[in-house]
Protein chains: 2
Amino acid sequence: MLTIGTMARRTRTKVQTIRYYEQIGLMPEPGRTEGGQRRYGDAELDRLAFIRHSRELGFPLEAIRELLALSDTPETSCAQVDAVARRHLKEVEARIARLQSLEAELRRMIGECRNDRVSDCRILEVLRDHEECLSDHRTPEL
Amino acid sequence: MLTIGTMARRTRTKVQTIRYYEQIGLMPEPGRTEGGQRRYGDAELDRLAFIRHSRELGFPLEAIRELLALSDTPETSCAQVDAVARRHLKEVEARIARLQSLEAELRRMIGECRNDRVSDCRILEVLRDHEECLSDHRTPEL
DNA sequence: GCTTGAACCTTCAGTGGCTGTAGCTCTTAT
DNA sequence: ATAAGAGCTACAGCCACTGAAGGTTCAAGC
């Protein structure tokens, strides 16, 4: 039987985070000691490890919820798993593209700065005046 | 005199966002009509445009606060402005690098999936078993 | 002058994914 | 028996907004 602290150490998770996962229904309610402390088994450890690995790959918790549900129906096709992963990949690609255009803009701006007084600063001028150089205003920033 | 709605339209900002900026002290408290509605001048419009342009470039609000303060002392050197921008560029670069390593890992994972049953899914196996392929666990995810 | 409807007001809750704190209680080793 | 360390609950805070409820004000048209 594993304490919450042991679970945390083994998966490099904060104790509070595990309790949070329980609260939002991502981890099951574990058994308790007479005194009310949580005690976990190996299945729970595996589940937590799965969640953490998925988080390291940037999957949002809702996607992880889907993956866990699919993982519990072993006889069905994994096409849905594939779809979740591809969807996430698309989001990551989109974020990279967005950040790269920010990066280019920032470099250009910084490159023009001649380190004069603030009143002549090119950076501040750009921030004051620039007209939507960035194409897509509807995507989230990152 | 500009209403909050006009300010919002001109800067492509939500009305609530402008009130939020006021609440956190990024925008000044404007004058009001007898009935209590906000009325702005051109200086406020410029300030809001500055904030929105900076946000489009991904500057966090605290950095924007710094930039606005620096912008109000025209005779000093703009080295500090430069420093804020370079600091932000570094963060953007770091996020890109992190996302690119995620992207590579996701691609590898998806590439291995043969679309069998869930019980043999390579994606799920990776998520269950993979040992920290991603070097830096201390940086924020994005 | 009056009506109408759009725009404004305040306040509060929610987003995602945790993290930190306060003030307790429980377990375990000595 | 005691004391340290780990656990417990409940709640607040982070960032940068966004939405909604429920009410008030403004401006245009008649």
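Sequence lines set the chain letters: A, B, ... in the order given, protein chains first and strands last, and positions in each chain run from 1.
- Among the nucleotides dG20(C), dT28(C), dC17(D), the one closest to any side-chain atom of Arg39(A) is dT28(C).
- Nucleotides of DNA chain D nearest to Gln37(B) and Glu62(B) differ in position, and the one nearer the 5' end is that of Glu62(B).
- Side-chain N/O atoms of Lys14(B) include one lying less than 4.0 angstrom from OP1 or OP2 on dG19(D).
- Salt bridge Glu91(A)/Arg86(A): absent, no basic N to carboxylate O contact under 4.0 Å.
- Checking dC18(C), dT18(D), dT10(C) against the side-chain heavy atoms of Tyr20(A) singles out dC18(C) as nearest.
- Residue-level contact check: Arg65(B) touches neither bases nor backbone, having no heavy atom under 4.0 Å from any strand.
- Look at Lys90(A) and Glu93(A) and you find no salt bridge, because none of the NZ, NE, NH1 or NH2 atoms lies under 4.0 Å from a carboxylate O.
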Test salt bridge (charged side-chain N to carboxylate O under 4.0 Å, His left out) on Glu29(A) and Arg38(A) and set out the steps. CA-CA 8 Å; Glu29(A) 288 186 27; Arg38(A) 291 167 179 82; over 6 Å; no
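- Note on Tyr21(A): a side-chain N or O is less than 4.0 Å away from OP1 or OP2 of dC18(C).
- The residue among Arg38(A) and Gly36(B) whose nearest nucleotide of DNA chain D lies closer to the 5′ end is Arg38(A).
- Proximity note for Arg19(A) (side chain, C-beta onward) versus dC17(D), dG17(C), dC8(D): the nearest is dC8(D).
- Set against dC26(C), dT9(D), dC9(C), the side chain of Ile4(B) has dC9(C) as its closest nucleotide.
- Here dA16(D) is the nucleotide among dT19(C), dA16(D), dT10(C) with the atom lying nearest to any side-chain atom of Arg55(B).
- Ile4(A) and Met1(A) are not part of a single hydrophobic cluster, where members link through side-chain heavy atoms under 4.5 Å apart.
- Taking five base pairs at each end of the helix from dG1(C)-dC30(D) to dT30(C)-dA1(D) and finding the rotation axis that steps the C1' atoms of four pairs onto the next four gives two axes whose angle is 20°, to the nearest 10°.
- For dC8(C), the OP1/OP2 oxygens have a side-chain nitrogen or oxygen of Thr3(B) closer than 4.0 Å.
- When the side-chain nitrogen and oxygen atoms of Arg32(A) are compared with OP1 and OP2 of dT27(C), none of them lie within a distance under 4.0 Å.
- If you check every strand for non-hydrogen atoms under 4.0 Å, Arg9(A) touches nothing.
- Comparing dC18(C), dT19(C), dC26(C) by their nearest atom to the side chain of Gln16(A) picks out dT19(C).
- At a threshold of 4.0 Å, the pair Glu44(A)-Arg47(A) does not count as salt-bridged, since none of the basic side-chain nitrogens sits closer than that to a carboxylate oxygen.
- Taking only side-chain atoms of Leu61(A), from C-beta outward, the nucleotide of dC26(C), dT21(C), dG17(C) with the closest atom is dG17(C).
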